[in-house]
Amino acid sequence: MTAQPLLSAYAPGRVELLGNHTDYNDGVVLGAAIDRGLTMRGSKSTGGMISVSSKTMGCVEVGGSEIRPLVDDRWANYVLGVVSELRSLSIPIAGFSAEITGELPAGSGLSSSAALELATALFLLKLHQRELPPLAIAKACQRAEHRFAGVQSGLLDQVTSLFGRADHAVFFDCRTEEVRTIPFPKGLTLIIAESGKKRELASGDYNRRRAETRAAADALQVPALRDVTSLQLKTRHDLPELLRGRAAHIVEENERVWRAVDFLLAGDGPGFGALLNASHESSRRNFENSTPELDLLVSIAQNLPGVLGARLTGGGFGGATITLCEQPAAEEVATQLAKRYRAESGITSRVIISAIAAGAR
Ligand code: ADP
Ligand code: MG
């Protein structure tokens, strides 16, 4: 028997720079791929079995012909979901054996789920010598997450991980599906700080926000909150206060993304940083998707020398924050952020200085 060739694919995690909860509201988002990710490495197997192992999650082996979501080893559903979606696209995925490795923390809001889906998709396409347009790959991974993992995520995570480019932000218009990469101003650094509280504990909150923003769009009689401006919203006193807050967050986040694109193109770090601060304040007051821990990380960061802005990143309700700072201050900001957060909350947070890196490959 000849040994099957060993192939691999890699996909990075991502941060959401701006555009919080805008993706499923037909809005615009700004993300960046980070320098940590997941790799899937393996080969075709004889006999049609699919076996996948992960250093952190264990080992799963299933018959390859009938794929359905697992109840016990739920982590493997991200992989099996991709197998199922690729088969729906007429790519006849055969049995394979693969291992997942990487430094990307799971459940911290850095989108390890999308990284796992994309590493799987690119690995399987390579293994079967097939190609798909990038956006079709991103959407197949999103459907895998919806159908096999039961998470109704928007497309931001997959698009950012796939289209990421070193030292560039990724702009994505969720309605027109335009993807653009925008140079990140030189001399600025991103710091990621984990709050130590997992976001997945509160997935009910995520779905509730989805329902509330839908209700706000219905009340405003627009197809999506994308179709409202903050000026128009100010005149709608008929909207119940809670829905007005939710809508204001989405509408203003969209406006912040458009302004951020201009600031980035102009190399205006302080302008961009101010938008991050405004975004967090809106999360705290209007959207109520922050937590005391995220607020603490943000307020510590905002008061450190060299910091231009800070906010929660991703869905909220736990997870991580991003801090934008001047490059020479980065080491000291990261050290102080971890130290002061531990002193005030008792939580040891993982704080990393992350480069903006290339996308999946
Ligand atoms: P996030 O995408 O923010 O990291 P999610 O809850 O969406 O959080 O996805 C995390 C899930 O992805 C984990 O619970 C696990 O099922 C899967 N996952 C992430 N990393 C790995 C890994 N290295 N090996 C196996 N499964 C992983
Ligand atoms: Mg995820």
Side-chain angles (χ1 to χ4, degrees), residues 8-17 20-21 23-24 29 31-34 36-42 50-62 69-83 97-121 123 138 141-162 164 192-207 209-210 289 291 294 312-322 350 352 354 360:
S8 74
Y10 166 86
R14 64 98 190 90
V15 288
E16 169 198 282
L17 294 170
N20 189 243
H21 288 254
D23 57 357
Y24 58 81
V29 295
I34 62 174
R36 284 165 178 75
L38 296 178
T39 297
M40 179 169 271
R41 182 177 288 106
I50 293 177
S51 69
V52 191
S53 69
S54 155
K55 264 212 180 82
T56 49
M57 299 291 186
C59 214
V60 157
E61 192 169 59
V62 295
L70 305 179
V71 180
D72 292 334
D73 294 297
R74 296 169 66 94
W75 65 269
N77 288 335
Y78 295 93
V79 176
L80 298 177
V82 171
V83 172
S97 163
E99 183 190 19
I100 303 153
T101 53
E103 303 270 281
L104 190 62
S108 292
L110 301 178
S111 204
S112 65
S113 58
L116 179 53
E117 292 148 16
L118 282 165
T120 303
F123 164 75
C141 289
Q142 183 197 26
R143 285 195 301 275
E145 185 145 347
H146 286 191
R147 293 179 180 160
F148 269 63
V151 181
Q152 301 299 310
S153 57
L155 200 51
L156 158 79
D157 299 354
Q158 291 83 3
V159 163
T160 308
S161 176
L162 191 54
I192 301 167
E194 289 183 55
S195 70
K197 300 269 169 152
K198 297 247 182 221
R199 180 182 56 69
E200 60 196 341
L201 297 177
S203 62
D205 290 320
Y206 183 89
N207 292 338
R209 290 299 179 277
R210 264 197 98 122
N289 63 331
T291 61
L294 292 169
L312 65 83
T313 184
F317 309 109
T321 65
I322 50 168
R350 185 165 20 186
I352 55 180
S354 177

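Counting convention: from 1, in listed order, for ligands and their atoms alike. Atom set for the values below is all heavy atoms of this structure, side chains included, hydrogens, waters and symmetry mates excluded. None of the values given here were measured: they were computed from a predicted structure.
For the residues K55, M57, R14, the heavy atom positioned nearest atom 13 (C) of ligand 1 is part of M57. Summarising the contacts of atom 4 (O) of ligand 1 with S112, A76, S53, G58, the nearest heavy atom is found in S112. Distances from atom 7 (O) of ligand 1 to the heavy atoms of A114, G315, S113 show the closest one on S113. The heavy atom nearest to atom 11 (C) of ligand 1, out of those in Y78, Y206, W75, is found in Y78.
Contact atoms of ligand 1 toward L38: 20 (N), 23 (N) (distance under 4.0 Å to a heavy atom of the residue). Within ligand 1, the atoms closer than 4.0 Å to a non-hydrogen atom of L110 are 3 (O), numbered from 1 in the order shown. Numbered from 1 in the order shown, with element, the atoms of ligand 1 that lie under 4.0 Å from a heavy atom of G107 read 1 (P), 4 (O), 8 (O), 10 (C). Of all atoms in ligand 1, listed by their number and element, those nearer than 4.0 Å to a heavy atom of G109 are 3 (O). The atoms of ligand 1 that sit less than 4.0 Å from any heavy atom of A106 are 4 (O), 19 (C), 20 (N).
Using a 4.5 Å heavy-atom cutoff, the side chains of V151 and H146 are not in contact. Between L110 and P105, the closest side-chain pair of non-hydrogen atoms falls below 4.5 Å.
Every heavy atom of G102 sits 4.0 Å or more from the atoms of ligand 1. Residue contact annotation: T56 has a non-hydrogen atom under 4.0 Å from ligand 1.
Only the side chain of S54 comes within 4.0 Å of ligand 1, counting heavy atoms alone; its backbone N, CA, C and O stay farther away.
Legend: salt bridge (Lys or Arg N to Asp or Glu O under 4.0 Å) pairs involving residues 147-158, not counting sequence neighbours, sorted by first then second residue: R14-D157, E85-R147.
The backbone N or O of K197 lies less than 3.5 Å from a partner atom in the side chain of S195, making a donor-acceptor pair. A donor-acceptor contact shorter than 3.5 Å links the side chain of Q142 to the backbone of S153.
Side-chain atoms of N289 and D205 include no donor-acceptor pair closer than 3.5 Å. Side-chain atoms of E194 and S108 form a donor-acceptor pair, as typed in the model, at a separation below 3.5 Å.
Applying the side chain to side chain contact (heavy atoms under 4.5 Å, CB included) test to R210 and every residue at least two apart in sequence or in another chain returns Y24, Q152, Y206.
In this structure, OG in S112 is found 5.5 Å from CG in L104, a value given to the nearest 0.5 Å.
Inclusion of S112 in the first shell of the Mg ion (ligand 2) is not supported: no N, O or S atom falls under 2.8 Å.
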